[in-house]
Amino acid sequence: VMNAQNVNFGTVPLGAAEVVADGQLLIGSTVAPNIRVATLTAGAGISITNGAGSITVTNTSAGGTWLDTAGGALAANTGYFVTAAAAVTLPLTPAQGTIVEIVGQVAGGVVVTAAGANIIQVQNVASSAGGTATSTQKGDALRLVFRTADLTWYCAPGAGGNWILA
């Protein structure tokens, strides 16, 4: 710690805090011992990877990762550009607040399927359990957020374009 004018080490020897694992930092505390060795804790939508002399913090929420897909299973907390008239399937057992974003890159024909007993709701219209939302135009977009209490993928803040629910 250099030029630490706001740190009072008191009688604790500086060597008392020992780093023994990758990614550990010296972190201040208002109770003794005032300097502790600890690692960072990831919050929602964040991943932390500790390395020798490094710490990598990654955004794992939707908006952080966007992929092109021509159809298939969609992963939680990821955005997708659907590049072909195709069916895509939402995750089967997502956690509360899981987000999936979809933007159709073809003139209709993107079919989004709710897995299992899950439902897709766009504004005040809901699909059946295991139902679908089908795009009608290029550029149609959905931002879906999952609620576990009612097994529903809610479109939030709203749909872009025209979607047909079944």
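Everything numeric in this text was worked out from a predicted model, so none of it was measured. For reference, positions follow the sequence shown, starting with 1.
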Looking at [atom1] of [X] and [atom2] of [Y], how far apart are the two atoms once the value is rounded to the nearest 0.5 Å?
X      : Y      : atom1 : atom2 : answer
Thr136 : Asn162 : OG1   : CG    : 4.0 Å
Asn77  : Thr65  : CG    : OG1   : 9.0 Å
Arg143 : Cys155 : CZ    : SG    : 9.5 Å

Is there side-chain contact between [X] and [Y], with heavy atoms separated by less than 4.5 Å?
X      : Y      : result
Leu25  : Leu40  : yes
Leu90  : Leu144 : yes
Ile99  : Glu101 : yes
Trp153 : Asn118 : yes

Restricting to non-hydrogen atoms, name the atom on [X] and the atom on [Y] that form the minimum distance, rounded to 0.1 Å.
X      : Y      : result
Ile27  : Ala38  : CD1-CB, 3.8 Å
Arg36  : Val31  : NH2-CG2, 3.0 Å
Ala129 : Ile119 : CA-CG1, 4.0 Å
Ala42  : Ile46  : CB-O, 3.2 Å
Pro91  : Ala76  : CG-N, 3.8 Å

Practice problem: Check Val82, Val88, Thr132 against Val112 for a side-chain contact (heavy atoms from CB on, under 4.5 Å) and give me the one that passes. | Solution: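 For Val112, the side-chain contact (heavy atoms from CB on, under 4.5 Å) test succeeds with only one of Val82, Val88, Thr132, which is Val88.
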Exercise. With sequence neighbours left out, write down each residue that passes side-chain contact (heavy atoms from CB on, under 4.5 Å) with Ala75, or none if nothing qualifies.
Key: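 Ala75: side-chain contact (heavy atoms from CB on, under 4.5 Å) contacts with Thr78, Tyr80.
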Self-check item: Residues that Thr56 engages under side-chain contact (heavy atoms from CB on, under 4.5 Å), provided they are two or more places apart
Solution: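 Counting only residues at least two positions away or on another chain, Thr56 forms a side-chain contact (heavy atoms from CB on, under 4.5 Å) with Thr49, Thr58.
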Hey, is the main chain of [Y] close enough, under 3.5 Å, to the side chain of [X] for a donor-acceptor pair?
X      : Y      : result
Thr39  : Gln24  : no
Ser127 : Ile120 : yes
Asp140 : Gly104 : no
Thr113 : Thr89  : no
Thr152 : Tyr154 : no
Gln137 : Ala107 : no

Exercise. Answer yes if Leu67 and Leu74 sit in the same cluster of Ile, Leu, Val, Met, Phe, Trp and Tyr residues linked by side chain heavy atoms under 4.5 Å apart, and no otherwise.
Key: yes
Exercise. Kindly work out whether a path of hydrophobic side-chain contacts (I/L/V/M/F/W/Y, heavy atoms less than 4.5 Å apart) joins Ile102 to Val111.
Key: no
Quiz item: Can you list every pair that meets ring pair (Phe, Tyr, Trp, His ring centres under 6.0 Å) and has a residue in residues 91-117, with sequence neighbours left out?
Solution: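 Counting only pairs at least two positions apart or across chains, no ring pair (Phe, Tyr, Trp, His ring centres under 6.0 Å) contact touches residues 91-117.
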Quiz item: Between Gln105 and Thr83, do the side chains contain an N or O donor and an N or O acceptor separated by less than 3.5 Å?
Solution: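 No, because no side-chain N or O of Gln105 sits under 3.5 Å from a partner of the opposite role on Thr83.
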Exercise. Kindly determine whether Leu142 and Trp163 satisfy side chain to side chain contact (heavy atoms under 4.5 Å, CB included), including the steps that lead there.
Key: CA-CA 9 Å; Leu142 289 174; Trp163 292 85; 3.5 Å; yes
Exercise. For Val100 and Phe146, run side chain to side chain contact (heavy atoms under 4.5 Å, CB included): C-alpha distance rounded to whole Å, both residues' side-chain angles, the deciding distance at 0.1 Å, then the answer.
Key: CA-CA 9 Å; Val100 174; Phe146 192 74; over 6 Å; no
